[in-house]
Asker: 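The structure's right below; bear with me while I get my questions together.
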Amino acid sequence: MLDSIIVRNAPIGICAFDRNDDLILFNNAMESILGVSAEDVIGKNLFCNIPYHMFEVDPGLRELYINTKSSLKESFKQRMPMTTPLGKHIFLSIRMVPFFNESGDYEGIVAYMEEVSENYYKEKTLIDEIYKFRNLESIYKSIPIIAFNWSGQLGWPVKYVSENISQLGYSKEDFESGSLKYIDIVHPEDVDKLISDVAAFESTDQIYLSEDYRLVSKSGDVIWVNEISLLSENGGDHPFRYDGIIVDITDRKMKEKELEQSKAHIESIFRATPVGIGVVSDRTFIEVNDKLCEMLGYSREELIGQNSRMIYPDKESYEYVGLEKYGLISEKGTGVVETRMACKNGVIIDVILSSSPIYPESLSKGVTFAVLDITTMKNTERELQERTAELEQLNRLKDLFSDIIRHDLLSPASAISGYTEALEEIEADEIKLHFLHMISRCNKKLFNLLESASRYEKLNSIEEIDYYTIDIAGIFKCVISDFSQEIKNKGITVKFSCDNPCYSRVNPFVSEVFMNLLSNAIKYGPENSVISIDFIDEGNFWKVTVTDCGNEIPDSDKPFLFDRFKRADKKGVKGTGLGLAIVKRIMELHDGDYGVEANPEGKGNVFWVSFYKIME
């Protein structure tokens, strides 16, 4: 989801840390800013492996990161000094945003960085120059507002110009001597339009002229200016004169141009996104993208302004989607339903429709939706159901169907995430940002459902892993810290008995074992209970136990508890049934043991795993 083509090639630096503070994403712009390659830093820990000298001028980066992680809120610093690994001193604008999994658990931090060194040094130079001024004249010459008085005669002869015309490379005498007229410095492409606009202005009863156009400096540079001039009668054959000012608006014009280009780029991506996207208000289409039109066979003009009833095969489907989707939105904030839609040519397609309100407090102000065509997948599902109707094990059908769902949806879900993340970074329009946030939120739920199964399948495909000497007690402490909010919410007390390091040869993803065991203990334990975590020295092994105070697991369930999609009856607790299966697979890769037994000291269960010790 994070590491998409768009993210890697985004024009700003983007990096991400996981919940253990290890760097997991480092895009091309980050490589350019810091002068290091992604392969040299991916996997390194912010607090253990990234050199402290990089932040010797200002330790604010780590502080910003710590504050973001502790508050779980977005944080920003406009200008922060840093020393790159190559010793270059730079200044960065940094925004840090925490991200969460489907359950709302903290997963890590994404940081967006832009180098602002050039702006900093320009500001510093300007400030230094201001302090050098010794009189009002020097300040006056630097004011970016130039005063003019020019007549309505041919070519607009200049009667007066302020001395700070020197900012354009000209002198006051160049104009007041008559060697230059005002028209001489107007950009050739703007001359005719400006003459026409001035003539039109003189025929009206307005008292001042306001125009944007370009001037050419003595060195040939093009400068955008805004002129504001008062029209005065002067008598004689040429009764007009203009007293006014011109203001340099080059930066503004450049930003407007960039904004137009950005807008065109965003609209292009919106049209090209490989998922049907649109917006409805009172179930009437107010915006659709090209993919949705292609999917349904209608043109944009045929859909905009029409009621969405036209794309459903029957009244029952239309009403079902309305009740189900809007009910889910009211309850959970998003509505994801599986339904069928009718194309213009009469073909019926199966889709997943994911919707979310632009403004949560008012559905009438608009709802964004994403449509994913799952016809092929549904056809395959129907074929599988026909071929396996005689099977007694419905669980096998569920496995096959889940695999198809995962393979069909993981790629488009990742694409949606990548496109929306990139669009959110470059979009300035608040309404479109709302659209993008809602699309991203709808898609995240779908993506997270697939990730757990994908992770399990990836672990199953691994035959060999790399091992490192690691303090597994230290890893568990970090895991406890990551679950601090869930622990606090349930009023749980965690007792951690190990004060000394416990070294073992493991792969860092062993942290997932501890995460799943602790997560289960929190989920299934009662509020205000105690969870005990012990590291027991058993000679050649470290036995790690997690003891909860939940309902005791029956002996008949224990042999199957670590198999995928098998778990004891835990009413009211959500989960995929894959957590303990992942524990099992990781322990198999480490040649370690695992199990569960009744709590000998009272109510609850003891989940345990064992790792080979590193002998001194």
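Counting from 1, the numbers follow the sequence of the chain as shown.
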Asker: What's the shortest heavy-atom distance between L328 and G335, and which atoms?
Answerer: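 Shortest heavy-atom separation between L328 and G335 comes out as CB-CA, 3.7 Å.
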Asker: Would you mind reporting whether D105 and Q485 have side-chain heavy atoms less than 4.5 Å apart?
Answerer: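 SC-SC contact between Q485 and D105 ruled out.
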Asker: Between D314 and R340 (salt bridge meaning N to carboxylate O under 4.0 Å), is one present in this structure?
Answerer: no
Asker: For the atom pair CD (E338) and OH (Y320), what is the distance rounded to the nearest 0.5 Å?
Answerer: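 It comes to 8.0 Å.
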Asker: Identify the two heavy atoms, one from V280 and one from F369, that lie closest to each other, and give their separation to 0.1 Å.
Answerer: CG1-CE2, 3.6 Å
Asker: Looking at N289 and V275, would you say the former's side chain and the latter's main chain have a donor-acceptor pair under 3.5 Å?
Answerer: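 Yes, because the side chain of N289 sits within donor-acceptor range (under 3.5 Å) of the backbone of V275.
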Asker: Indicate yes or no: at least one non-hydrogen side-chain atom of L46 is less than 4.5 angstrom from one of D22.
Answerer: no
Asker: With no hydrogens and no angle check, do the side chains of S317 and T339 hold a donor and an acceptor under 3.5 Å apart?
Answerer: no
Asker: Taking all non-hydrogen atoms of both residues into account, name the closest pair between E302 and Q306 and its distance.
Answerer: O-CG, 3.2 Å
Asker: Under the side chain to side chain donor-acceptor pair (under 3.5 Å) rule, collect the residues that match up with N516, sequence neighbours excluded.
Answerer: none
Asker: Are Y298 and L292 side-chain neighbours, meaning at least one heavy-atom pair lies under 4.5 Å?
Answerer: no
Asker: Go through it in stages, so that I can follow the logic: the residues are I426 and I12, the test is side chain to side chain contact (heavy atoms under 4.5 Å, CB included), and I'd like the CA-CA distance, side-chain angles, deciding distance and then a yes or no.
Answerer: CA-CA 10 Å; I426 61 177; I12 64 170; over 6 Å; no
Asker: Measuring from S93:OG to R79:CZ, what's the distance to the nearest 0.5 Å?
Answerer: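 Rounded to the nearest 0.5 Å, the OG-CZ separation comes to 10.0 Å.
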Asker: Show, in sequence, the C-alpha distance, side-chain angles and deciding distance for I582 and E512, and conclude whether the side chain to side chain contact (heavy atoms under 4.5 Å, CB included) test is met.
Answerer: CA-CA 8 Å; I582 290 174; E512 293 186 43; 4.0 Å; yes
Asker: Does K490, at its NZ atom, have more than 12 non-hydrogen atoms belonging to other residues, nucleotides or ligands within less than 6.0 Å?
Answerer: yes
Asker: When you measure from the side chain of N599 to the backbone N and O of C549, does any donor-acceptor pair fall under 3.5 Å?
Answerer: no
Asker: Does the side chain of M80 come within less than 4.5 Å of L64's, by heavy atoms?
Answerer: yes
Asker: In Å and rounded to the nearest 0.5 Å, what is the CG to CG distance from L23 to D18?
Answerer: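 Answer for the CG-CG pair, L23 versus D18, is 9.0 Å.
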Asker: So which atom in I33 and which in E115 form the shortest heavy-atom distance, rounded to 0.1 Å?
Answerer: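 Smallest interatomic distance, heavy atoms only, reads CD1-N, 4.3 Å.
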Asker: For I431, does the CD1 atom sit with more than 12 other heavy atoms under 6.0 Å from it, leaving out its own atoms?
Answerer: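 At most 12 heavy atoms, drawn from other residues, nucleotides or ligands, come within 6.0 Å of this atom.
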Asker: Any heavy-atom pair between the side chains of I348 and T375 that's under 4.5 Å?
Answerer: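 The answer is no; the side chains never approach within 4.5 Å.
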Asker: Hey, does K584 have a side-chain heavy atom less than 4.5 Å from the side chain of L580?
Answerer: no
Asker: Specify whether F476 and F496 have parallel, tilted or perpendicular ring planes, treating 30° as the upper limit for parallel and 60° as the lower limit for perpendicular.
Answerer: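 Perpendicular, since the angle between the ring planes exceeds 60°.
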Asker: Under the criterion side chain to side chain contact (heavy atoms under 4.5 Å, CB included), I'd like the reasoning laid out for M587 against V583: C-alpha separation, chi angles, the key distance, then a yes or no.
Answerer: CA-CA 6 Å; M587 293 311 300; V583 170; 4.3 Å; yes
Asker: So does K255 pair up with E258, basic N to acidic O under 4.0 Å?
Answerer: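 No.
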Asker: Who are the ring pair (Phe, Tyr, Trp, His ring centres under 6.0 Å) partners of Y312, not counting sequence neighbours?
Answerer: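 Applying ring pair (Phe, Tyr, Trp, His ring centres under 6.0 Å) to Y312 gives Y318.
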Asker: Under the rule for salt bridge (Lys or Arg N to Asp or Glu O under 4.0 Å), what residues qualify as partners of E107, not counting sequence neighbours?
Answerer: R19
Asker: Quick one: list whatever passes side chain to side chain donor-acceptor pair (under 3.5 Å) with T368, sequence neighbours left out.
Answerer: none
Asker: How close do P98 and E74 get, heavy atom to heavy atom, and via which atoms?
Answerer: CD-N, 3.9 Å
Asker: Taking atom OH of Y524 and atom CG of D548, what is their separation to the nearest 0.5 Å?
Answerer: 10.5 Å
Asker: For E319, give me all partners under side chain to side chain donor-acceptor pair (under 3.5 Å), at least two apart in sequence or on another chain.
Answerer: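 So E319 forms no side chain to side chain donor-acceptor pair (under 3.5 Å) with any residue.
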Asker: Quick check: does any side chain N or O of K495 sit under 3.5 Å from a backbone N or O of V530, one acting as donor and the other as acceptor?
Answerer: no
Asker: Quick one: are K603 and N551 in side-chain contact, heavy atoms under 4.5 Å?
Answerer: yes
Asker: With no hydrogens and no angle check, is any side-chain donor or acceptor of S356 less than 3.5 Å from a backbone partner on T334?
Answerer: no
Asker: D21: what forms a salt bridge (Lys or Arg N to Asp or Glu O under 4.0 Å) with it, not counting sequence neighbours?
Answerer: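 D21 satisfies salt bridge (Lys or Arg N to Asp or Glu O under 4.0 Å) with K69 once adjacent residues are dropped.
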Asker: Working to the nearest 0.5 Å, report the span between CG of N27 and CG of N9.
Answerer: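 Result: 8.0 Å between the selected atoms.
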Asker: Donor-acceptor check, side chain of N507 to backbone of F509, threshold 3.5 angstrom: yes or no?
Answerer: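 Looks like yes, one N/O pair under 3.5 Å.
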Asker: Any side-chain heavy atom of I349 within less than 4.5 Å of one from L296?
Answerer: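 Yes; the side chains approach each other to less than 4.5 Å.
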Asker: In Å and rounded to the nearest 0.5 Å, what is the CE to CG distance from M341 to D350?
Answerer: 11.0 Å
Asker: If the threshold is 4.0 Å, N to carboxylate O, is there a salt bridge linking E256 and R252?
Answerer: yes
Asker: Between C15 and M113, what is the shortest heavy-atom contact and its length?
Answerer: SG-CE, 4.0 Å
Asker: Do V110 and L25 pass the side chain to side chain contact (heavy atoms under 4.5 Å, CB included) test, and can you show the C-alpha distance, the side-chain angles, and the key distance before you say yes or no?
Answerer: CA-CA 9 Å; V110 178; L25 172 66; 5.7 Å; no
